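Notes for the one structure printed next.
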Amino acid sequence: MTSTSRPAPHPFKRYGQLTLGSLMIILAPLAAPLPGPAGAVLFAGGMILVLRNSAAARQRWARLKRRSPRIGGFIDRLMRRGSALRRHARDKAPVAN
C-alpha cells in the first residue's frame, strides 16, 4: 500500500461492498434493455466498488487494459475514473513544440 492511498475499510464493510459491486455487475445485463442508461450505471457502479476493494481485481483490470486499451479506456471513462479523465484531457491537449 502506498502512502497516498486511503486506509483500508473495515473487513465487513469491504466484503459488503465487494458483494454489492459483484451483484451490480451481474444485474447490469438484465437492466440494459430498460430505457435509459440503467445497465451502464449499474456496471460502472459495480466496477467502482469491486476495484476499490479488491487488489486481485485491480491487477486483472490492469492486465485487461494492457491487452485491449480501447475497451479499458472506454470503461474507465464510463466509470469516470480520475486517471482516465486526466489521460483523456492530456491526449486532447495541443502538443507544445
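Bear in mind the structure is a predicted one, so any value in this text is a computation, not a measurement.
The minimum heavy-atom distance between R58 and R52, with the atom names listed, is NH1-O, 3.4 Å. A pairwise comparison of heavy atoms in A38 and A31 identifies CB-O, 3.9 Å as the closest pair. Considering every non-hydrogen atom in both P29 and P33, the closest pair reads O-CD, 3.4 Å. Heavy-atom minimum distance, L51 versus A57: CD2-O, 3.6 Å. The minimum heavy-atom distance linking S54 with L18 is given by the pair CB-CD2, 3.7 Å.
Using a 4.5 Å cut-off between side-chain heavy atoms of Ile, Leu, Val, Met, Phe, Trp and Tyr, with links allowed through other members, L23 and F43 fall into different hydrophobic clusters. I26 and M47 fall into different hydrophobic clusters, where Ile, Leu, Val, Met, Phe, Trp and Tyr are joined by side-chain heavy atoms under 4.5 Å apart, directly or via other members. A single hydrophobic cluster is not seen to contain both L20 and I25; linkage of ILVMFWY side chains at heavy-atom distances under 4.5 Å, directly or through other members, places them apart. No single ILVMFWY cluster, assembled from side-chain heavy atoms under 4.5 Å apart, contains both L64 and L49.
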